Enquirer: 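The structure follows.
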Amino acid sequence: MRWLLAPKIKPRRLAYALSAIVTVSALPAYAQTSPRAPRPPRVEDKDAVTVVKAEDISGRPEREINLERDAEIVKDKTKVKADSACFRQVENEVEAHGNVKIWRFGDYFTGDDVQLNMDTGKGYMLNPTYKLEANGGQGKAERLNFINEDEAQVINGTYSTCQGANPDWYLSSDTMNLDSGRDVGTAGKTLIYFKDVPILGTPALSFSLSGARRSGWLSPTPGFGSKNGAELVVPYYFNIAPNRDLTVYPKIIGNRGIQLGALGRYLGETDGGLYQGETYIEFMPHDSEYAKANPDQKSDRWLIRSSHTQDITKDWAFSWNFRAASDDNYPNDFSKTVSGSTERQLLRELRTDYHGDFWNLTARVQKYQVLQDPESVVDPSLFVSRPYDRLPAINFNAAQYDVAGGFDWAFDAELTRFYHPTLINGTRLVAIPQISYPIIGSSYFITPKVMVNLASYQLDAYNGQKADNLSRAVPTFSLDSGLVFERDIKFGGKDITQTLEPRLFYVNTPYRDQSKFPTFDTDAATFNFSQIFSENRFVGSDRIGDANQLTAALTSRFLDANGAEALRLAFGQRFYFKDQRVQLDNSTPVNDAHSDILLAATGRISETWAFDSAVQYNPSQSRVVSESYTAQWAPGAKKVLNLGYRYLRDSFKNVELSSQWPIFQKWYGVGRISYSLQDKKILESLVGLEYKADCWVFRTGGQRFVTTSTKASTQIFFQLELNGLSHLGVGSPLEAMKSSIPGYQRLNEGYGR
């Protein structure tokens with residue numbers, strides 16, 4: 001039997017605040033990303049009819065309807081089923097008993113009894129269980145009190161993202177107040193259970209119902225390292241606004257003392273455009289370990305990193321980048337990564353950019369702080385040179401293409417004031433006009449280009465020398481040309497297009513004596529495939545290399561049916577028709593007839609294999625100058641093996657091996673080793689294990705890396721991550737694995753931060 005009841009004018013809604021629960025955090029502000037797509041907005045037809053069904057229906061339709069045996073009440077997105085039910089139309093209230101089941105916007109609830117006022121949202125449910133569509137969360141309770149259409153109170157309830165009646169982990173709380181309108185959940189005394197063993201307790205708890213960011217304590221992170229001993233970080237997160245936040249990092253370092261850290265982030269938009277930035281600060285008011293080793297120095301230690309970019313108008317922007325540290329030893333004592341321990345030239349820059357339709361203007365101020373490697377006292381090769389400060393530098397660039405019948409022109413200019421505390425200082429003005437005429441066909445190109453490097457120097461008095469003015473004008477002519485041939489072949493059983501691309505690049509720059517010019521920002525360019533097709537063999541504007549040379553290169557590409565490059569082979573060499581007289585200093589001119597040979601091969605030869613290689617070979621001395629080989633095998637998800645070899649004559653010779661691989665069942669091994677064949681020592685090593693369950697992941701391992709030429713840092717870590725809740729443990733194994741192993745894939749991708 002079925003009756004259709006006409007809707008009342010006043011909206012009738014089953015407002016279950018419990019259905020707003022999503023991933024709960026064990027600590028108040030553990031921001032998360034749900035592995036599922038965001039739930040679409042809940043839209044309910046307020047005028048929808050209410051349909052009731054049962055085996056036996058009695059009562060008065062205009063007042064009260066009794067439903068017996070397989071009672072069912074449906075209104076738009078809400079369905080209630082029970083053994084028996086009573087619908088009071090005047091009060092707009094539902095009361096159901098026995099095997100109650102509720103479906104609401106994809107969420108599913110069961111219980112023994114329910115009473116709900118569909119106008120106010122008030123009511124209760126006894127012995128409820130729930131399962132949420134948005135994140136798979138589920139739980140049970142003794143009682144569920146519906147306070148209003150947005151807010152509910154869970155009495156003696158549980159929550160877990162594990163599926164099944166006996167989840168591996170769950171949290172249990174005496175009370176949970178859930179307010180979907182404000183997206184806020186609060187709880188009283190709470191225990192987190194893992195394998196039915198309590199592992200964490202808290203007297204109070206707050207969290208976001210939608211998984212959005214929320215102010216509160218983040219997961220505490222203990223740690224242990226060979227340099228600093230035991231550590232404990234207990235961060236607090238301030239969700240200031242949707243586009244602003246601040247995280248404070250109180251840290252206890254066993255061997256040193258208490259360190260305070262803070263990271264502030266922001267982004268937004270003004271009438272002029274977008275802006276964004278972040279600032280990170282670390283401060284230790286007294287480092288006991290440093291004070292013992294350096295009694296004559298201040299023991300306060302700190303680090304600052306700050307960056308900001310902002311559009312003032314659509315054509316005008318400014319930015320800053322600031323790095324500073326208290327002392328030379330800071331990277332050695334506090335860095336957690338190899339890259340952090342080697343960052344010793346700290347840039348401080350303030351700049352502004354303005355651009356027009358075909359030009360742009362940049363003004364910037366740059367200053368450096370140099371942190372010397374402590375071992376440079378005994379090993380001069382470790383000495384870190386101090387770059388010149390630019391106080392300021394003004395750059396102007398303009399270019400137009402295909403003008404006046406096909407010409408391209410460009411103009412670059414720079415005015416810079418260089419400062420160094422121990423070297424010669426001065427002001428340099430450089431202007432470089434250039435014009436070219438590209439001739440491009442379907443299978444060829446020819447580009448003649450003429451350019452002039454104009455420079456003027458005003459040098460300060462230095463080391464007994466008087467102030468001086470210098471200038472130069474160096475013209476350059478270049479001719480770039482190439483052909484492209486194609487053919488269709490079979491490669492690996494597939495239809496492939498192979499190209500053959502010969503290229504010739506000629507440069508002629510007359511000699512100009514530049515031995516009296518300082519080298520403010522100039523060095524010899526690295527010899528590679530990019531550099532051999534440039535007009536100048538130096539990087540910077542203080543030296544313009546004389547040249548009468550020809551670069552010859554040959555490239556072959558293998559393209560699949562979609563045009564993607566499967567393989568690329570390249571060969572290149574430069575031929576000199578006269579000596580190279582311009583050098584960085586007054587050294588003897590180079591009289592080589594040809595350069596080293598460059599060879600390169602890179603590609604993805606199958607769905608699972610990728611490689612990259614480059615070789616620099618000296619044919620005159622029949623020896624390799626440098627070589628680099630990397631190969632990656634990734635046959636499936638969570639399976640990757642990386643092998644690398646890097647060599648530079650008289651500098652380094654390293655091999656690297658890293659991998660993530662399933663060992664058995666749900667266990668995965670991760671590891672990395674970087675070994676110096678030249679010094680016969682390990683530069684970096686990482687070994688770890690991961691276990692992936694349905695709703696949690698366990699990680700453990702250790703990492704060791706070199707901080708100076710004679711010292712290394714060792715860290716151990718283990719972590720239990722409960723999907724959709726939090727992570728507990730020592731150290732940060734996930735960050736170490738992601739940064740050390742190319743191609744690493746997180747076992748529970750989509751959860752956590």
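Everything quoted here is computed from the prediction, not taken from an experiment.
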Enquirer: Is it the case that Ser299 and His286 place a side-chain donor and acceptor less than 3.5 Å from each other?
Expert: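 Yes, a side-chain donor-acceptor pair sits under 3.5 Å.
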Enquirer: Evaluate Glu72 against Lys53 for salt bridge (Lys or Arg N to Asp or Glu O under 4.0 Å), listing each step before the verdict.
Expert: CA-CA 5 Å; Glu72 180 178 304; Lys53 294 191 298 183; 3.4 Å; yes
Enquirer: Can you say whether the rings of Tyr159 and Tyr130 are parallel (under 30°), tilted (30 to 60°) or perpendicular (over 60°)?
Expert: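 Answer is parallel, since the angle falls under 30°.
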Enquirer: If you compare all heavy atoms of Gly188 against all heavy atoms of Ser173, which two are closest, and at what distance to 0.1 Å?
Expert: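 Scanning both residues, the minimum pair turns out to be N-OG, 3.6 Å.
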Enquirer: Give the ring-plane orientation class for Trp609 versus Trp633, where under 30° counts as parallel, over 60° as perpendicular and anything between as tilted.
Expert: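 If you compare the ring of Trp609 with that of Trp633, the planes turn out parallel.
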Enquirer: Val94 and side-chain contact (heavy atoms from CB on, under 4.5 Å): which partner among Val52, Leu67, Ile73?
Expert: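 Running side-chain contact (heavy atoms from CB on, under 4.5 Å) over Val52, Leu67, Ile73 with Val94 returns exactly one hit, Ile73.
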Enquirer: Should the heavy atoms of other residues, nucleotides or ligands under 6.0 Å from NZ of Lys638 be counted, would the total exceed 12?
Expert: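 Counting neighbours around NZ of Lys638, more than 12 heavy atoms of other residues, nucleotides or ligands fall under 6.0 Å, so yes.
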Enquirer: Relative to the ring of Trp667, is the ring of Phe698 parallel (under 30°), tilted (30 to 60°) or perpendicular (over 60°)?
Expert: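 Taking Trp667 first and then Phe698, their aromatic rings stand perpendicular (interplane angle over 60°).
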Enquirer: Should we say atom CZ of Phe718 is surrounded by more than 12 heavy atoms from elsewhere, each under 6.0 Å from it?
Expert: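 Not buried by this count: 12 neighbours or fewer within 6.0 Å.
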Enquirer: Would you say the side chains of Ser658 and Asn642 form a donor-acceptor pair under 3.5 Å?
Expert: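 Looking only at side-chain atoms, Asn642 and Ser658 do form a donor-acceptor pair, the distance falling under 3.5 Å.
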Enquirer: Name the one of Trp696, Tyr170, Trp169 that satisfies ring pair (Phe, Tyr, Trp, His ring centres under 6.0 Å) with Phe194?
Expert: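 Looking at Trp696, Tyr170, Trp169, the match for Phe194 under the ring pair (Phe, Tyr, Trp, His ring centres under 6.0 Å) is Trp696.
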Enquirer: Any luck finding a side-chain donor-acceptor pair between Tyr290 and Asp333 under 3.5 Å?
Expert: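 The answer is no; no qualifying pair exists.
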Enquirer: Would you say Thr158 and Ser172 are linked by a side-chain donor-acceptor pair, where the criterion is simply a distance under 3.5 Å?
Expert: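 Thr158 and Ser172 do not have a side-chain donor-acceptor pair below 3.5 Å.
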Enquirer: Verify, without hydrogens or angle tests, whether Thr247 (side chain) and Asp245 (backbone) share a donor-acceptor contact under 3.5 angstrom.
Expert: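 Checking the backbone N and O of Asp245 against the side chain of Thr247, no donor-acceptor pair under 3.5 Å is found.
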Enquirer: Could you go through Glu684 and Arg672, starting from their C-alpha distance and side-chain angles, then the distance that decides it, and tell me whether this counts as salt bridge (Lys or Arg N to Asp or Glu O under 4.0 Å)?
Expert: CA-CA 8 Å; Glu684 181 188 3; Arg672 173 184 170 88; 3.1 Å; yes
Enquirer: Could you go through the salt bridge (Lys or Arg N to Asp or Glu O under 4.0 Å) check for Arg746 and Glu721 one step at a time?
Expert: CA-CA 12 Å; Arg746 185 171 179 168; Glu721 182 171 1; 2.4 Å; yes
Enquirer: Taking atom types as modelled and ignoring hydrogens, do the side chains of Lys639 and Gln745 form a donor-acceptor contact shorter than 3.5 angstrom?
Expert: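 No, no side-chain donor-acceptor pair sits under 3.5 Å.
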Enquirer: Establish, for the pair Arg256 and Phe334, whether the NZ or CZ atom is under 6.0 angstrom from the six-membered ring centre and no further than 45 degrees off its axis.
Expert: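 Yes, Arg256 sits over the ring of Phe334.
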Enquirer: Would Asn723 and Asn748 count as a side chain to side chain donor-acceptor pair (under 3.5 Å) here? Give the steps.
Expert: CA-CA 7 Å; Asn723 293 352; Asn748 55 346; 2.8 Å; yes
Enquirer: I want to check a possible cation-pi pair here: Arg699 against Tyr691, using under 6.0 Å from ring centre and within 45° of the ring axis as the test.
Expert: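 No - Arg699 does not lie over the ring of Tyr691 by the 6.0 Å and 45° rule.
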Enquirer: For the pair Lys81 and Asp70, evaluate salt bridge (Lys or Arg N to Asp or Glu O under 4.0 Å) and give the outcome as yes or no after the intermediate values.
Expert: CA-CA 7 Å; Lys81 296 186 70 174; Asp70 296 329; over 6 Å; no
Enquirer: Does the side chain of Glu282 pick up a donor-acceptor pair with the side chain of Tyr280 at under 3.5 Å?
Expert: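 Their side chains do contain a donor-acceptor pair, which is all the 3.5 Å distance test asks for.
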Enquirer: State, without any angle test, whether Asp112 and Asn127 hold a side-chain donor-acceptor pair at a distance under 3.5 Å.
Expert: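 Yes - a donor-acceptor pair under 3.5 Å links their side chains.
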Enquirer: Is it the case that over 12 heavy atoms from other parts of the model lie below 6.0 angstrom from the NZ atom of Lys666?
Expert: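 Atom NZ in Lys666 is crowded, with more than 12 foreign heavy atoms closer than 6.0 Å.
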